[in-house]
Every structure is written in C-alpha cells, then in structure tokens.
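To keep things clear, I will list the structure first and then write my remarks on it.
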Amino acid sequence: MELKTNYQYTYFIHPFVIKDGKYQKYILKMLKDKNCSLKIFQKEKDLKLYKYFLPKMRDFFFSSFRYGSHEMKKLEELPIETRSALLAKNPCNIFEYTLKKDMQGKINQNSGIFFSIQKIEIIVFSTGIGFLAMKTNVEEYTEFSNVLNFNYKFRDINNEMLNLENYDNIRIQTDSFSDVKTFQELIRSITGSNTESSRLNIDSERFLTYSYVCINQDVWNTANQFEEIKNQFIKYANILPADSSRDYEYEKIATFSKWKYAKLGLTKLGMMLFSSSSDMSNYTILPEEYENQYFYTYIFNLYKKIYLRKIELELKDISKIRKARKKFVEFTRNLWIQEITEDETGTLLNDKLHEVFEMDKLYNQVKYKYDVLYKELNFEKQSKATIIILVILAISLCLNILNFMTLMPKTS
C-alpha cells in the first residue's frame, strides 16, 4: 500500500563559519540587507519556547527575550552601525530572510514534484559559527515516496559539481530564481566563502536534513503496527530515495520516542520525525514543538560539535593557543556542564543528540590537548622562573664576592 501523508515539512540546514574578527561586520551586512530582519522572540508570543529552555540557555540563544517594546524601539532608532555593535555583543543573533513570495520549484520537469520554500532563517553565534536553515514542503502530491525523493535530492542542491543541464535534480522556477545556479548564489551571498568551513572539515555541499512527516492513520494504528512500515521509516531516517534497495539494519539507527504513534530517527546527517495521524496531536501540536523547541535543541548540539572542532584546531596554532585555552574553559563552564531544559522529552532528546554526535569523544580529545598544553606551558613557566632565580643567585653571588674582596684588608 502506498503511504499517504497528512502533513509534512523539511528544514535543510547549511552550517557556515565567519572568519575571526568579522562577526560584527557580518551582523552589519545582515542589517543592511533589505530582505533580512532580526527575529524577535517575545515571552507572550513564544511562551512554549520560553518555558522550555532554562534561563542561562535562553540568554545564550534568544537575547531578545530580554527586550521589551521600549527597548526594541530604542534599538531600532539607533544608527545601523551602533545597532550592529550592540547586537554583536549577544552570544547569538537570529535573522529571517524574507522573500517576496514562497519560492516554488519542481524536481524533474517532466513529472515534477512541486515544492515551496516557506522560510529562511539565519542563526549566527559570536564565535563565528552560523546556520542557514530553509523550511520546505512538498506540494500537491500526498505520496510519501515524493517526500523521500525530495529530501534525498534537495540536500545536494548546493553541490558545486552539480551538472545543471543533465543532472536529475531540483529545478527552481520562479521570478526570483531562474535555476539552481541562482539559488546557489543566494546561499553564497548569505554564508560567504567556504574557506573557514573547509578548515573545520564541514561539508558545505550537502545540507543537513531536519524533517517532519505525518502519514495517514490507515497504515499505522491499533490494528496496523509500526513493524509493517518500518522499512519506510528506515529509508526516511537515512535520507534514501523511495526505490532504494540498500539494506540498513534498524538497530543501527539511533531512534527515540516518547509518543505512541511517532518515532524519531537520528543520524549524523539529519533528524527525522515519523508520525501517524492516529494521534491528533501529531498534526496539531507536535509539528509546532518539533519546529521550535526541538529544532533549537538540534541546532544547539550542532553548534557545540562545530565549536569544539574550532577550539581543537586553534589549539594547534601557536599564535592562538592562549585564547583557545580560555575559550575551552568558558565553553566548559557556560555550555558543556549546563542543563538546557527541564522538559523530560527535551532532556532525553538532548542526551540522544549528544550520543549521536559523539560529543564525549570529541570533548575528551580537546581536553587531552588542553591538558598537555597546560602542563607544557606550566613547565615553561617553571623553567623560566628557575632560570631567573639562578641568574639572580649568580648575580647575588658575584656581588657578595666583590663586596667581600672590597672589605678584605689590604696587605702592605
């Protein structure tokens, strides 16, 4: 039986890295862009998000929660350069890229799958790490196979080796984007050069995939168990096309579920929530939670992973060692040991992401290098101190000898 979808969306996420010392300049660039606007979070409007994250994490991620209407008005009245300087002091800023209308496109012009890009969000941290996130959804067709094929193809749209004429991929047909190439240009205009990303071994040509789908209750309900459609979930979690015959063991996928008719699949390439309309909340409440609370939980873990890589790289650079050591201590104190939420599901999800991204292994690698450098620097300090003491003692000894010789009675 062909699976049908009731509701679906996918975020494609592109990590990027701003060159050191250029964060404020990047903020200014976003403020000057007429298509960009600072995303403002308000307690009343974003109450669920506010309650989900603990205070220290809210301050780190969503600085605008501290702003009242009066503060926002004063901020907007400031000269743009002053605004950028103030915003650059925030640990994180989030911008929305507004399009004139939804971008529409289709895969394979002959039998296309129509889709729209509904939202573009730019999340940038003061450390220079950023994420471009695009929300898409498949239109007109309800077959789950179209979702599989779309996710599989769209994630490679930024590949520079893409053959625009012959490759069976996405063709964007809008007034704003005549083809895939102009869409790639939009991405580059927002994220800039891939040089810094390459240094951190970040794949800039393949998007990370964060997806939600609610399938028709006919195939997953009290009478029809998940086991009957498990293979479809495996394809979805591994971002495979509908006709894939690759054999993936279910046990090797990191799965997570606190719901009767919803299951989460996690890999290093993405996070997929597969649900059934047998539970009404799966197309009313859960999609919103997944798009907000759980989305930023995912971004936060991606951030930690990339930032640890950045610190590890800087510890190899003699000119950056001292600053890198300080960054590692601050990271450990302010982020690594901090709880992000008291929400039970959010806590379990955060732990699962921590496991999938092999965070402990990466952190211990950085800590080992930190410890070695700390011992070496202390040894150097002790050695220098010892040399200074020896020099002082030698000088003192010479002076004492001279004084002694001066005080000796002269023989006639």
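Since we're looking at a predicted model, the values are computed, not measured. Position 1 is the first residue of the sequence, and the numbers go up from there.
Inter-residue side-chain proximity for Val366 and Phe331 is flagged as unmet; no heavy-atom pair is nearer than 4.5 Å. By the 4.5 Å heavy-atom criterion applied to side chains, Leu78 and Lys74 are not counted as neighbours. By the 4.5 Å heavy-atom criterion applied to side chains, Tyr212 and Leu286 are counted as neighbours.
When the shell of 6.0 Å around CD of Glu344 is examined, it contains 12 or fewer heavy atoms from other residues, nucleotides or ligands. Counting heavy-atom neighbours within 6.0 Å of Glu96 CD, excluding the residue itself, gives a total above 12. More than 12 heavy atoms of other residues, nucleotides or ligands sit less than 6.0 Å from atom NZ of Lys45. More than 12 heavy atoms of other residues, nucleotides or ligands sit less than 6.0 Å from atom NZ of Lys4. In Leu47, the CG atom is crowded: over 12 heavy atoms of neighbouring residues, nucleotides or ligands sit closer than 6.0 Å.
Distance CD1/Ile311 to CD/Glu330: 9.0 Å, rounded to 0.5 Å. From Glu314, atom CD reaches atom NZ of Lys327 across 3.5 Å, with rounding to the nearest 0.5 Å. From Gln293, atom CD reaches atom OG1 of Thr297 across 8.0 Å, with rounding to the nearest 0.5 Å. Separating the CD1 atom in Ile306 from the CZ atom in Phe16 is a distance of 10.0 Å, to the nearest 0.5 Å. Within the model, atoms CG of Leu132 and CD1 of Ile120 stand 6.5 Å from one another, a figure rounded to the nearest 0.5 Å. The distance from atom OH of Tyr370 to atom CD1 of Ile321, rounded to the nearest 0.5 Å, is 12.5 Å.
For the residue pair Asp343/Thr341, the side-chain donor-acceptor check at 3.5 Å is not satisfied. Between the side chains of Tyr26 and Ser84, no donor-acceptor pair is found at a separation under 3.5 Å. In this model, no donor atom of one side chain and acceptor atom of the other lie less than 3.5 Å apart for Asp218 and Asn224.
Scanning all heavy atoms of the two residues, the minimum distance from Gln8 to Thr10 falls at NE2-OG1, 3.2 Å. When all heavy atoms of Lys235 and Leu148 are compared, the closest pair comes out as C-CD2, 4.1 Å. Between Thr345 and Phe256, the shortest heavy-atom distance links the atoms O-CZ, 3.7 Å. In plain terms, the two heavy atoms of Asn158 and Ser204 that are nearest each other are ND2-O, 2.9 Å. When all heavy atoms of Ala88 and Ser126 are compared, the closest pair comes out as O-CB, 4.4 Å. Of all heavy-atom pairs spanning Ala242 and Asn149, the tightest one is N-OD1, 3.0 Å.
Ring-centre distance between Phe328 and Tyr363: below the 6.0 Å cut-off. Between Tyr67 and Phe41, the gap from one ring centroid to the other reaches at least 6.0 Å. Centroid-to-centroid, the aromatic rings of Phe12 and Phe154 come within less than 6.0 Å.
Cation-pi check for Lys135 over Tyr9 is met; the charged atom lies under 6.0 angstrom from the ring centroid and within 45 degrees of its normal. For Lys263 and Phe226, the positive end sits near the middle of the six-membered ring, less than 6.0 Å away and at most 45° from its axis.
Checked by atom type and distance alone, the side chain of Asn282 never pairs as donor or acceptor with a backbone atom of Ser278 at under 3.5 Å. Checking side-chain atoms of Thr5 against main-chain N and O of Glu143 turns up no donor-acceptor pair under 3.5 Å. Not one N or O on the side chain of Asn90 forms a donor-acceptor pair closer than 3.5 Å with the backbone of Asn93. With Ser257 contributing its side chain and Trp259 its backbone, the two residues share a donor-acceptor pair below 3.5 Å. Checked by atom type and distance alone, the side chain of Arg309 pairs as donor or acceptor with a backbone atom of Leu200 at under 3.5 Å. Without hydrogens or angle criteria, Tyr261 side chain to Thr222 main chain gives a donor-acceptor distance under 3.5 Å. Judged purely by atom type and a 3.5 angstrom limit, Arg58 uses its side chain to pair as donor or acceptor with the backbone of Tyr50. Of the possible donor and acceptor atoms, one in the side chain of Thr284 sits under 3.5 Å from a partner among the backbone N and O of Met280.
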Report task. Starting from the C-alpha separation in whole Å, work towards a yes-or-no answer on side-chain contact (heavy atoms from CB on, under 4.5 Å) for Asn221 and Ser276. Result -> CA-CA 8 Å; Asn221 50 45; Ser276 166; 5.7 Å; no

Report task. Decide side-chain contact (heavy atoms from CB on, under 4.5 Å) for Asp279 and Lys260; before the verdict, give the C-alpha distance in whole Å, the side-chain angles of both, and the deciding distance to 0.1 Å. Result -> CA-CA 8 Å; Asp279 185 342; Lys260 184 176 181 180; 5.7 Å; no

Query - Pair Tyr236-Val147, side-chain contact (heavy atoms from CB on, under 4.5 Å): steps then yes or no - result: CA-CA 9 Å; Tyr236 184 55; Val147 175; 4.3 Å; yes

Query raised in the report: ring-ring contact (aromatic ring centres under 6.0 Å, His included) between Phe207 and Tyr11: does it pass, once the steps are laid out?
Result: CA-CA 9 Å; Phe207 293 132; Tyr11 275 86; over 10 Å; no

Requested in this report: Check step by step if ring-ring contact (aromatic ring centres under 6.0 Å, His included) holds for Phe300 and Phe295.
Outcome: CA-CA 9 Å; Phe300 176 63; Phe295 174 76; over 10 Å; no

Report task. Step by step, work out the side chain to side chain donor-acceptor pair (under 3.5 Å) result for Ser244 and Tyr152. Result -> CA-CA 11 Å; Ser244 174; Tyr152 174 71; over 6 Å; no

Requested in this report: Could you check Lys268 against Leu208 for side-chain contact (heavy atoms from CB on, under 4.5 Å), going step by step and ending with a plain yes or no?
Outcome: CA-CA 8 Å; Lys268 290 181 180 179; Leu208 297 168; over 6 Å; no

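Results of the ring pair (Phe, Tyr, Trp, His ring centres under 6.0 Å) test with Phe60 over Tyr296, Phe125, Phe53 single out Phe125 as the only residue that passes. Leu269 pairs with exactly one of Thr209, Ile239, Asp203 by the side-chain contact (heavy atoms from CB on, under 4.5 Å) rule, that one being Ile239.
Salt bridge Lys29/Asp33: absent, no basic N to carboxylate O contact under 4.0 Å. A salt bridge between Glu289 and Lys48 is absent, with no side-chain N of the basic residue lying under 4.0 Å from a carboxylate O of the acidic one. The residues Lys310 and Asp20 are annotated as salt-bridged, a charged nitrogen and a carboxylate oxygen being separated by less than 4.0 angstrom. At a threshold of 4.0 Å, the pair Glu81-Lys25 does not count as salt-bridged, since none of the basic side-chain nitrogens sits closer than that to a carboxylate oxygen. A salt bridge does not link Arg66 to Glu71: none of the charged nitrogens lies less than 4.0 Å from a carboxylate oxygen. With salt bridges taken as basic N to acidic carboxylate O contacts below 4.0 Å, one links Glu312 and Lys369. Taking 4.0 Å as the cut-off between side-chain N and carboxylate O, Glu227 and Lys230 count as a salt-bridged pair. Between Glu121 and Lys39, at least one side-chain nitrogen of the basic residue sits less than 4.0 Å from a carboxylate oxygen of the acidic one, meeting the salt-bridge criterion.
Remark: Ser277 pairs with Asn6, Cys214, Gln217, Tyr283 by the side-chain contact (heavy atoms from CB on, under 4.5 Å) rule, at least two apart or across chains.
Ring-plane geometry between Trp336 and His354 is classed as tilted, the angle between the planes lying from 30 to 60 degrees on a 0 to 90 degree scale.
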